[in-house]
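A quick write-up on the structure given underneath.
From a predicted model like this one, the values you see are computed outputs, not experimental measurements.
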Amino acid sequence: MSESFLIRGARLQSGDATDMIIDGGVITEVGTGLSAAGATVVDAAGLIALPGLVDLHTHLREPGFEASETILTGSRAAAAGGFTTVFAMPNTSPVADTAGVVEQELALGEAAGYVHVQPIGAVTVGQRGERLAELGAMASSRARVRVFSDDGFCVFDPLIMRRALEYVKSFDGVVAQHAQDPRLTEGAQMNEGTVSAELGLVGWPAVAEESIIARDVLLAEHVGSRLHVCHLSTAGSVDIIRWAKKRGVDVTAEVTPHHLLLTEELARGYDARYKVNPPLRRDEDVLAVRAGLADGTIDIVATDHAPHPAEAKSCEWAAAANGMVGLESALRVVQQSVVDTGLLDWDDVARVMSAAPARIGRLSGAGTPLAVGQPASLTLYDPRPVRRFTTDDLRGRSVNSPYLDRDLPGEVRWTFFAGAVTVAEGAVLDAPGVRA
């Protein structure tokens, strides 16, 4: 029998202080002056109530790379960041390119119980870009896969990309493209520009991203299918997506928290925590992606949470792996970069970090508004504190965060997943719904 809760005085995105009653895994009442006999009372005065966050781009590493992360540890990290749903990228071992693997991931997420883990299927067999994976079988499996990506690799062959777009159209799926021309980025180590020249590092040019996006929006228009652009990072990419949407192309795009805040200047110290793909860009690009998120050109924020063991980052820059962990810090970075700067309000945050990613992933029951009858998946967030981000904030298996020792605003105080508590007073519970 599930526990009931009375949340008192939470601030909805509109700014109004409201009470909520949770019972049986759903929101049963919303209003002021509510009471519920026997319910656990949560004092939420001053806290913002957001629908449970949804991350369309998470690397959980299991199966195959459990030294970096597992579905359990990644789920705990997600809950700590206020997430109740994460979409798991397929670059595992074996690759999630069959119904069997995606069903295994789904089951492991259910066993962990902290968030809903929704598998993403690979576009091509083994993510090798040579022939289509079992898209239909994954779509009709118990995992009901609707998002397909070779993330980490670009679907570079235009014929393969066209066929994938045609195939997923039959079940309202979407291809999520890692936009990177591999020929233009051979040996690339960071953003191409003045800083890369000064450091003597091979540059990753913006056109390598922009040219693939331009090609793919035209393919999506030709086929009449849905396209999603992963981790968009340049001003030119924003312009292309804006043009495509005006043209009526069914395209969506995401930006990561780190591309909203950090720049290529951080590469000067050769600290591999700042090595990522796509790379950190120029100040001008950061301002452009912020503006694109604010005006709706970019649809969502997605973490691209990419854990690595210490040895993959504690080495020279050229040998280091690309990627950053980001689940625990995402909401705080979004507050700093676009809320505190006045570009978005908390209603917008609920849209770009909850409702829109669930819609793009065609996942019902996630990203729903905080209303009577809806699943009780929500986060209570305190935007007021500003404190140093440290390894104590990390709940996953890896610590390759770019925000260590940086002051960030805000704190996730409570997370509820389908009525079960996963985070209470800022602490991740040992088991969902079970407090010491």
Side-chain angles (χ1 to χ4, degrees), residues 55 57-78 80-81 86 88-96 105 108 120 122 126-128 149-154 178 180 182 185-191 196 199-204 230-231 233 256-259 261-264 266-281 302-330 333 389-406:
D55 188 13
H57 192 145
T58 307
H59 298 274
L60 295 180
R61 304 303 192 201
E62 188 177 12
F65 303 106
E66 289 83 358
S68 299
E69 194 79 281
T70 67
I71 286 175
L72 173 60
T73 62
S75 294
R76 287 173 58 85
V86 296
M89 280 293 177
N91 53 340
T92 52
S93 181
V95 170
E105 292 178 339
L108 287 169
I120 293 175
Q127 295 184 295
R128 291 190 292 270
S149 181
D150 276 359
D151 185 60
F153 303 94
C154 179
H178 175 114
Q180 176 186 359
T185 55
E186 289 182 8
Q189 296 292 318
M190 65 169 295
N191 182 55
S196 65
L199 297 179
L201 295 175
V202 178
W204 201 120
C230 296
H231 43 50
S233 67
T256 70
H258 48 271
H259 286 113
L261 185 64
L262 308 178
T263 74
E264 63 181 358
L266 290 166
R268 290 188 182 277
Y270 295 100
D271 184 340
R273 287 184 299 129
Y274 303 115
K275 186 179 179 184
V276 67
N277 183 351
L280 301 179
R281 303 289 190 181
T303 70
D304 194 8
H305 175 80
H308 291 291
E311 60 270 20
K313 286 291 191 177
S314 300
C315 57
E316 63 272 20
W317 181 279
N322 287 304
M324 305 166 167
V325 294
L327 286 166
E328 300 97 331
S329 53
V333 173
F389 191 84
T390 71
T391 54
D392 290 340
D393 293 292
L394 300 174
R395 296 295 182 269
R397 185 160 282 186
S398 298
V399 296
N400 54 303
S401 168
Y403 307 110
L404 295 178
D405 297 321
R406 177 185 287 261

Quick one: sort the His57 and His231 rings into parallel, tilted or perpendicular, breaks at 30° and 60°. tilted
Over 12 foreign heavy atoms within 6.0 Å of OH, Tyr270: yes
Can you name the one residue among Val276, Leu199, Val202 that meets side chain to side chain contact (heavy atoms under 4.5 Å, CB included) with Met190? Leu199
Any side-chain heavy atom of Pro90 within less than 4.5 Å of one from Gln127? yes
Which heavy-atom pair separates Val86 from Ala78 by the least distance, and what is that distance? CG1-CB, 3.8 Å
Heavy atoms, side chains only, cut-off 4.5 Å: are Leu266 and Arg273 in contact? no
Within this structure, what is the OG-CG distance for the pair Ser401 and Asp393, rounded to the nearest 0.5 Å? 8.5 Å
Pro402 and Met324: which non-hydrogen atoms are nearest, and at how many Å? CG-SD, 3.6 Å
Indicate yes or no for a side-chain donor-acceptor contact from Glu264 to the backbone of Pro279 under 3.5 Å, with no hydrogens or angles considered. no
Of the non-hydrogen atoms in Ala312 and Cys315, which two are nearest, and what is the gap between them? O-SG, 3.8 Å
Keeping the roles fixed (side chain from Lys313, backbone from Ala320), state whether a donor-acceptor pair exists under 3.5 Å. no
Heavy-atom side-chain contact between Asp304 and His59 under 4.5 Å: yes
If I take atom CZ from residue Phe153 and atom CD from residue Gln180, how far apart are they, to the nearest 0.5 angstrom? 10.0 Å
Quick one: list whatever passes salt bridge (charged side-chain N to carboxylate O under 4.0 Å, His left out) with Arg61, sequence neighbours left out. none
Leu394 side, atom CG; Ser329 side, atom OG - distance, nearest 0.5 Å: 7.5 Å
Of Ile120, Ile71, Leu60, which meets side chain to side chain contact (heavy atoms under 4.5 Å, CB included) against Glu105? Ile71
Flag side-chain contact, heavy atom, 4.5 Å: Asn277 against Trp204: yes
Report the C-alpha distance between Phe389 and Leu404 in whole Å, list the side-chain angles of each, state the deciding distance to 0.1 Å, and finish with yes or no for side chain to side chain contact (heavy atoms under 4.5 Å, CB included). CA-CA 5 Å; Phe389 191 84; Leu404 295 178; 4.1 Å; yes
Just how far is it from atom CH2 of Trp317 to atom NZ of Lys275, taken to the nearest 0.5 Å? 7.0 Å
With a 4.5 Å heavy-atom cut-off, do Met89 and Cys230 have their side chains touching? yes
Which residues pass the side chain to side chain contact (heavy atoms under 4.5 Å, CB included) test with Ala330, sequence neighbours left out? Phe83, Pro257, Thr303, Met353
The test is side chain to side chain contact (heavy atoms under 4.5 Å, CB included); show your working for Asn400 and Val325 and say whether it passes. CA-CA 6 Å; Asn400 54 303; Val325 294; 3.4 Å; yes
Looking at side-chain heavy atoms only, is the closest gap between Tyr403 and His258 below 4.5 Å? yes
Pairs touching residues 66-77 that satisfy side-chain hydrogen bond (donor to acceptor under 3.5 Å, both in side chains), sequence neighbours left out: Glu69-Thr73, Glu69-His305, Thr70-Thr73, Arg76-Tyr114
